[in-house]
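Quick caveat: nothing in here was measured; it's all calculated off a predicted structure. Note on naming: letters A, B, ... go to the chains in the order of the sequence lines (proteins, then strands), and numbering restarts at 1 for each one.
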Amino acid sequence: MSHLLEVKDLKVSYHSYAGEVQSVRGVNFTVDTGESVAIVGESGCGKSVTAKTIMGLIQTPPGEIKKGSQILFEGKNLLDMNEKEWQAYRGSDCAIVFQDALAALNPTLTIGRQITEKIMIHTDMNKEDAMKEAERLLTLVGIPNPAKRLKQYPHEFSGGMRQRAMIAIALACQPKLLIADEPTTALDVTIQADIIDLLKDLQKEFQMAVIMITHDLGIVADIATKIVVMYAGKVVETGSNYDVFYNPRHPYTQALLRAVPRLDVEEDQELESIEGTPPNMIAPPAGCAFCTRCKHCMKICQKMEPPTYEFEDGHTAQCWLYHEYAQK
Amino acid sequence: MNQNEKILEVSHLKKYFKAGKGVLKAVDDVSFFIRKGETLGVVGESGCGKTTCGRTCIGIYDRTEGEVLYKGKDVHSLKGQDKKDFTKEVQIIFQDPYSSLDPKMKVGDIIAEGLRAHKMCASKEEERKVVNDLLETVGLNAEHATRYVHEFSGGQRQRIGIARALAVEPEFIVCDEPISALDVSIQAQIVNLLIRLQKEKGLTYMFIAHDLSMVKHISDRVCVMYLGTIAEITDSGSLYSNPLHPYTQALLSAIPIPDPKVEEAKNRIKLEGELPSPINPPEGCRFQNRCKYACDRCRCERPELKEVEPGHWVACHLTDK
């Protein structure tokens, strides 16, 4: 079966006065129809840049997508498309929900106008039908009084409602792939839970593929069926949610899971702090990027990039520890 | 020293702000205490008044009504030497390590500012030594003292903020969301540092945050706030297993747990409606418009914070039955 989305050896750099920031350094992963994939990582690990590249939102310059990178959507390489093809793809095949809904929505246009704008670009509906469609979408995402809400501006919405409106815009035209870039980071936990539930329901209803970008492992456990762990511009581990949570292979994933306290455990827990900080992406290390913070660091880790090892079906990790010569 | 000695006692504290024509009731009649050497965690959603409460408790904001006693003395009417002692014994660590450190000052000067104000060092050499020791205590190097703040990462800046708070050898520190601006792997570093310092120096913390998992981890007791009032105070151990206030129950069930099997099995309590504005909060119980158990009594009479089990305080009419 061919994948809905296949990211192959994606490399993205930004040119700054300080030098070339290598944000994404060879990322590979796949997304299938109806699957929900979580990309997890700390700030600066390249997860948002990856998402923006899939949406074609990297400004060049200062950004640069390196030669040899491929993003295949239903078999077609997105990076070869011209601007017109991009416009047809963005919104109708693939849509994105941003973290900060207040910044992402236009403050001078009503919510109704912002939803119908997209519908009218991608379909041949007239204004009236588009308004009806917009009303249906607002109902779908759980906004009460949709007819009245359509005439309001973003500042009249609360944070949670604004994020729902963003999801309504994203859902217009029924995209096959929805990218959610930290959609709940700015929200309170009770609102966050509502939004995550909404995304899960919508995904089931429309059989959409969802890429969820987050740093919150709790959300990952809640929504993802497949997990991609990123560190310093690279994928260090991928696998199903059970594989990654119950049998993490990469030392970074292992440490990350032990660095968060669990609410449902009563006894005292020892938090594992990952000492040090992520590397500078202007001059990333030659070997494994995690080696300076890794407890199991070996000599080879500092010199050569680790290859990818596959364990169970689809569970992979980039780490020298799984080389046959490594001490067990 | 008595184990149960109360270092901070807050009774019926109110803090109102003028907001246009209305009055924003940020903190509305809260009472609690903090024992010496313990950590009281304060959690709640944004706008619940937890930061205002912390700041009013240490006198950064003036109170509207009520009383805050620090070691038996009223915080808001301290004068002279008492005031000086208070400012030395009580410190705060801020949420945003980017805006709470002066970008024009060297790290050494930022940390030494308190030392100088309280004339704690006899000579420059002694001051330098104290600053260097502090930097090492929080996991930085002596050489960092001559650098400026912009050269440091978020986690390192928070360490500088902690060193600054520790410089005057305080007894009580208000930690106002000290980790929410940091990455997961760095959060654990800072939390472990705070726990270690507490053990070494016998510090008392008021730990304000919205991340309930982390608050539960670091605190001895947890205080849950909702819209300017306290909903529940209890031991952090029994908070998850025995929450009594409907808001606490909903809050706990909303927090995703990093374990797929637990998440699949979970039944979440959904909250209807939205957080009301603190400018015109609902009459009676603040939570009544979102509470599925709300009855007529909740709509007119405000529940008092009562001790329903030893050490477990709840403000809810349901516990009366």
Side-chain angles (χ1 to χ4, degrees), chain A residues 40-45 144 158-161 184 186-194 196-197 214-225 227 231 240-246 252 255-278 293, chain B residues 43-48 139 152-156 181-193 195-196 210-218 235-241 247 250-264 266 268-275 277 290:
Chain A
V40 207
E42 298 176 72
S43 43
C45 75
S158 69
M161 284 300 150
T184 59
L187 304 175
D188 280 322
V189 275
T190 49
I191 315 283
Q192 163 177 297
D194 289 340
I196 299 288
D197 281 355
T214 180
H215 62 265
D216 187 329
L217 292 167
I219 295 175
V220 176
D222 191 2
I223 199 169
T225 49
I227 298 169
Y231 185 79
S240 72
N241 58 348
Y242 278 40
D243 284 342
V244 174
F245 271 99
Y246 300 125
Y252 175 64
L256 204 58
L257 285 168
R258 285 198 294 263
V260 287
R262 284 186 51 161
L263 193 61
D264 57 338
V265 176
E266 248 180 66
E267 59 266 27
D268 279 346
Q269 306 162 65
E270 185 78 23
L271 286 196
E272 184 173 318
S273 57
I274 310 174
E275 295 305 328
T277 46
R293 307 173 78 187
Chain B
V43 277
E45 298 180 89
S46 47
C48 74
F152 294 89
S153 69
Q156 286 174 318
L182 307 174
D183 267 320
V184 180
S185 74
I186 313 291
Q187 284 186 357
Q189 289 178 13
I190 299 297
V191 165
N192 284 346
L193 172 67
I195 293 175
R196 198 193 82 212
H210 60 262
D211 180 349
L212 195 46
S213 328
M214 206 50 112
V215 169
K216 183 187 156 276
H217 175 72
I218 196 172
D235 293 340
S236 57
S238 64
L239 177 77
Y240 191 79
S241 54
Y247 174 65
L251 189 66
L252 285 168
S253 84
I255 294 164
I257 288 167
D259 186 330
K261 284 179 189 163
V262 173
E263 278 302 312
E264 279 164 26
K266 194 155 91 177
R268 196 164 75 74
I269 304 167
K270 283 199 181 180
L271 283 184
E272 298 297 324
E274 299 213 345
L275 191 74
S277 156
R290 301 171 80 189

So [Y] and [X], do their side chains get closer than 4.5 Å, heavy atoms only?
X	Y	result
A:T184	A:I219	yes
B:E263	A:I223	no
B:S46	B:H210	no
A:T190	B:R290	yes
A:D194	B:R268	yes
A:T225	A:S240	no

Below 4.5 Å from any heavy atom of chain B, which atoms of [X] appear? Answer side chain, backbone, both or neither.
X	result
A:Y252	neither
A:V220	neither
A:E275	both
A:R258	neither

Greatest number of heavy atom pairs closer than 4.5 Å to chain A - which of [options]:
options	result
B:I255, B:I257, B:L271, B:L251	B:I257
B:K270, B:Q156, B:H217	B:H217
B:D211, B:N192, B:L193, B:I195	B:N192
B:P258, B:G237, B:G155, B:S213	B:P258

Less than 4.5 Å to any heavy atom of chain A: does that hold for the side chain of [X], its backbone, both, or neither?
X	value
B:D259	both
B:E264	side chain
B:S153	side chain
B:K266	neither
B:L252	both
B:V215	neither

Heaviest contributor of heavy-atom pairs below 4.5 Å to chain B, chosen from A:L256, A:D222, A:L217, is A:D222
Pair count under 4.5 Å, heavy atoms only, with chain B: among A:D197, A:V260, A:I191, highest is A:D197
Sorted by chain and residue number, the side-chain hydrogen bond (donor to acceptor under 3.5 Å, both in side chains) partners of B:S253 (sequence neighbours excluded) come out as none
Sequence neighbours excluded, the answer for ring-ring contact (aromatic ring centres under 6.0 Å, His included) partners of B:Y240 is none
Smallest heavy-atom separation, A:N241 atom then B:P260 atom, equals ND2-CB, 3.8 Å
ask   = Under 3.5 Å, is there a donor-acceptor pair between the side chain of B:Q189 and the main chain of A:I274?
value = yes
